[in-house]
Protein chains: 2
Amino acid sequence: MTADDRHGAETGPESAGSVLETLIGYNLKRAYVIVQADFREALGQDGLGPRAFSALSFVVQFPEITQSALARKLGIERSGLVAIVDDLERRGFLRRTAVPGDRRSHALVATHVGQAALRSAQDAVRAHEAALLAHMTEQEREMLITLLRKIRAREG
Amino acid sequence: MTADDRHGAETGPESAGSVLETLIGYNLKRAYVIVQADFREALGQDGLGPRAFSALSFVVQFPEITQSALARKLGIERSGLVAIVDDLERRGFLRRTAVPGDRRSHALVATHVGQAALRSAQDAVRAHEAALLAHMTEQEREMLITLLRKIRAREG
DNA sequence: TATTGTTATACTCTATAACTATA
DNA sequence: TATAGTTATAGAGTATAACAATA
């Protein structure tokens, strides 16, 4: 054993530190922080947050979805969804409506105002993402989404 | 204007909802959640968290880095780093040492135990990522990191 | 005046557990 | 018994503002 081996030259400071840069998780997180900040800037101070945006998207896509089903789609607990739905209802973007045949459930229905707000928000986010990622080609952005979906294939 | 146009058939429920799936931000977040959960499983209940892992990685890579410089590298505020360094010091993975010539700064130095712990953690994380992403080819994983780094080129 | 580390504080996101009203 | 929505609570993670020591 050489002195270098003993002190870990081959897996020492330089290479050991840059292991971080080779990890998918680390690169995902750093990239996510950037895109999320851009998202918030796109929708402004009092605009929809990422969670409310996603929730409203699903409600528009799946009218009369229940809160439990929506929580499942969002990958969060149903207790955590309450505040999000409260917020969207307060803004007048959706309503909790009665479900005939099951008085426990609330069917969520987007209002016209909510649908318009979503379209407007989508346009803003798309424009901001396009500007943020203008240094990437369309092919690269598509490839990125394809690869991210491969990871998402592991979703519960 | 047709009835379909008025009610937004072309940007209506189905396509409007799936806008979400076309956004980089949404796909990034969902993918990140999966990989992060895997990371935590890799390092166990009392193992290093993602932030402590990254911090220790930088301390090993850049011995005697100050807390302010480390916070900058991690992309967080220096106030937020205090608890992370406290934790790593409590575990015996690094020490705050005096900086000759500037008594305000603390130079962070990883201990041998800390270096060994980092190597062990790196091995565990790499193995878990490899298993989690075994359904992707090596080429795909490399391409993904390349594309994520393109986004990270937007880092402050 | 400016910077380093620190504390205090607050806000967001998320989870767990327990409650209520229904089924 | 089980499920839907809700509340209470707690724990990460992060940010801002202010402070003491030092530059």
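Small disclaimer: the values here were computed from a predicted structure and weren't measured.
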Heavy atoms within less than 4.0 Å of DNA chain D: which residues of residues 101-111 of chain A have one? Give them sorted by number.
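Those residues are A:Arg104, A:Ser105, A:His106.
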
List the residues meeting side chain to side chain donor-acceptor pair (under 3.5 Å) with B:Arg152, not counting sequence neighbours, and say none if there are none.
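Partners of B:Arg152 under the side chain to side chain donor-acceptor pair (under 3.5 Å) test: A:Glu21, A:Asn27, B:Glu155.
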
Quick one: side chain to side chain donor-acceptor pair (under 3.5 Å) partners of A:Glu142, sequence neighbours excluded?
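Applying side chain to side chain donor-acceptor pair (under 3.5 Å) to A:Glu142 gives none.
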
Residues which pass side chain to side chain contact (heavy atoms under 4.5 Å, CB included) with [X], listed by chain and number, not counting sequence neighbours:
X	value
B:Met136	A:Leu147, A:Lys150, A:Ile151, B:Leu133, B:Glu140, B:Arg141, B:Leu144
A:Gln36	A:Tyr32, A:Arg40, A:Pro50
B:Glu41	B:His128
B:Arg103	none

Round to a whole Å and report the spacing from [atom1] of [X] to [atom2] of [N].
X	N	atom1	atom2	result
A:Leu81	D:dA8	CG	P	18 Å
A:Leu48	C:dT12	CG	P	14 Å
A:Arg78	C:dC13	CZ	C1'	18 Å

Tell me, do B:Phe58 and A:Leu20 make a side-chain contact under 4.5 Å, heavy atoms counted?
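In short, these two side chains touch, coming nearer than 4.5 Å.
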
Return the polar atom pairs (N/O with N/O) between nucleotides 12-16 of chain D and the protein under 3.5 Å, or none.
residue : atom : partner : partner atom : Å
D:dG13  : OP1  : B:Arg40 : NH2          : 2.5
D:dG13  : OP2  : B:Arg51 : NE           : 3.3
D:dG13  : OP2  : B:Arg51 : NH2          : 3.2
D:dT14  : OP1  : A:Lys29 : NZ           : 3.2
D:dT14  : OP2  : B:Arg51 : NH1          : 3.3
D:dA15  : OP2  : B:Glu77 : N            : 3.4
D:dT16  : O4   : B:Ser79 : OG           : 2.7

Show me the donor-acceptor pairs, under 3.5 Å and distance only, between side chains in residues 91-99 of chain B and residues at least two apart or in other chains.
residue : atom : partner  : partner atom : Å
B:Arg91 : NE   : B:Asp87  : OD1          : 3.2
B:Arg91 : NE   : B:Asp87  : OD2          : 3.3
B:Arg91 : NH1  : B:Asp46  : O            : 2.9
B:Arg91 : NH2  : B:Gly47  : O            : 3.4
B:Arg96 : NE   : B:Gln67  : OE1          : 3.0
B:Arg96 : NH1  : B:Asp86  : OD1          : 3.0
B:Arg96 : NH1  : B:Glu89  : OE1          : 2.7
B:Arg96 : NH2  : B:Asp86  : OD1          : 3.0
B:Thr97 : OG1  : B:Ala107 : O            : 2.9

